[in-house]
Amino acid sequence: MSIQDTIRQQVTENPVVLYMKGTPSFPQCGFSSGAVQMLKNCGVNFAAVNVLADQDIRQGIKEYANWPTIPQLYIKGEFVGGSDIMKELFASGELQTMLAEFKAE
């Protein structure tokens, strides 16, 4: 399986996926930390992929979305954006709306 196939599988098998530096409990950069906080504030469960643990994923995710930076958020297999886009969507309430169906019980 190619790295692109692996990424495709991750984003389609998990409703909400965050590719980040580090883990939700120990983010390794401020942007990843902010992304985790926004998702937690939305009250959703999400899959997190630590790109620092796998160099192939780290490079492959940039190519997958044609987006050069990490973190990257995917909802229902669709690329949403990085940290700045997440911030804008969160501030407008749009991110909360996009994630409403995935709220943790």
Side-chain angles (χ1 to χ4, degrees):
M1 184 184 308
S2 75
I3 200 65
Q4 294 300 311
D5 290 335
T6 300
I7 292 167
R8 190 173 301 104
Q9 184 176 14
Q10 289 171 335
V11 300
T12 55
E13 289 183 355
N14 298 287
V16 182
V17 183
L18 181 66
Y19 288 85
M20 62 179 292
K21 293 178 180 175
T23 64
S25 58
F26 194 66
Q28 296 290 298
C29 81
F31 297 109
S32 290
S33 179
V36 167
Q37 281 310 118
M38 284 181 267
L39 292 174
K40 285 183 178 178
N41 286 341
C42 289
V44 296
N45 290 324
F46 60 96
V49 179
N50 179 2
V51 301
L52 299 178
D54 188 330
Q55 191 59 40
D56 291 337
I57 292 276
R58 185 176 187 172
Q59 186 56 41
I61 195 62
K62 294 176 185 180
E63 296 163 2
Y64 185 82
N66 195 25
W67 191 262
T69 60
I70 294 165
Q72 292 184 17
L73 177 65
Y74 292 78
I75 300 174
K76 293 196 282 193
E78 297 293 320
F79 174 61
V80 174
S83 181
D84 290 346
I85 291 171
M86 285 180 70
K87 266 189 216 164
E88 289 174 21
L89 293 171
F90 186 80
S92 72
E94 198 172 340
L95 186 63
Q96 295 86 326
T97 301
M98 294 167 74
L99 293 168
E101 66 183 283
F102 308 110
K103 277 205 176 242
E105 296 298 319

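Because the structure is a prediction, the values reported are computed rather than measured.
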Measuring from L99:CG to L73:CG, what's the distance to the nearest 0.5 Å? 6.5 Å
Report the residues that fulfil side chain to side chain donor-acceptor pair (under 3.5 Å) with E94, sequence neighbours left out, ordered by chain and then residue number. none
Salt bridge (Lys or Arg N to Asp or Glu O under 4.0 Å): pairs with one or both residues in residues 7-19, sequence neighbours excluded: D5-R8
Once salt bridge (Lys or Arg N to Asp or Glu O under 4.0 Å) is applied, what residue pairs with a partner in residues 44-53 remain, sequence neighbours excluded? none
Drop me the distance from D54's CG to I3's CD1, to the nearest 0.5 angstrom. 5.0 Å
Listed by chain and number, what are the salt bridge (Lys or Arg N to Asp or Glu O under 4.0 Å) partners of E88, not counting sequence neighbours? none
Side chain to side chain contact (heavy atoms under 4.5 Å, CB included) involving F31 - partner list, sequence neighbours excluded: C29, P71, S83
Below 3.5 Å, can you tabulate the donor-acceptor pairs from side chains in residues 17-28 to any protein atom, sequence neighbours excluded?
unit_1 : atom_1 : unit_2 : atom_2 : d
Y19    : OH     : Q10    : OE1    : 2.6
T23    : OG1    : S25    : OG     : 3.4
T23    : OG1    : F26    : N      : 3.1
Q28    : NE2    : F26    : O      : 3.4

To the nearest 0.5 Å, how far apart are CD in Q96 and CG in L89? 9.0 Å
Locate the shortest heavy-atom distance separating I57 from V51; write the atom from each residue and the value. CG2-CG1, 4.2 Å
Not counting sequence neighbours, which residues clear side chain to side chain donor-acceptor pair (under 3.5 Å) with Q4? List them please. none
Report the distance from atom CD1 of I70 to atom CG of N50, rounding to the nearest 0.5 Å. 9.5 Å
Within residues 79-100 or reaching into it, pairs that qualify as ring-ring contact (aromatic ring centres under 6.0 Å, His included) - sequence neighbours excluded: W67-F79, Y74-F79
Residues two or more places apart in sequence or in another chain: which of them pass salt bridge (Lys or Arg N to Asp or Glu O under 4.0 Å) with K62? none
Hphob cluster co-occupancy, V49 + L52, side-chain heavy atoms under 4.5 angstrom: no
Looking at residues at least two apart in the chain, or sitting in another chain, which of them share a side chain to side chain donor-acceptor pair (under 3.5 Å) with E78? none
Among all residues two or more places apart in sequence or in another chain, which pass the side chain to side chain donor-acceptor pair (under 3.5 Å) test with S92? none
Taking only distance into account, with no hydrogens and no angle test, what donor-acceptor pairs under 3.5 Å do side-chain atoms of residues 36-43 form with protein atoms, sequence neighbours excluded?
unit_1 : atom_1 : unit_2 : atom_2 : d
N41    : ND2    : Q37    : O      : 3.3

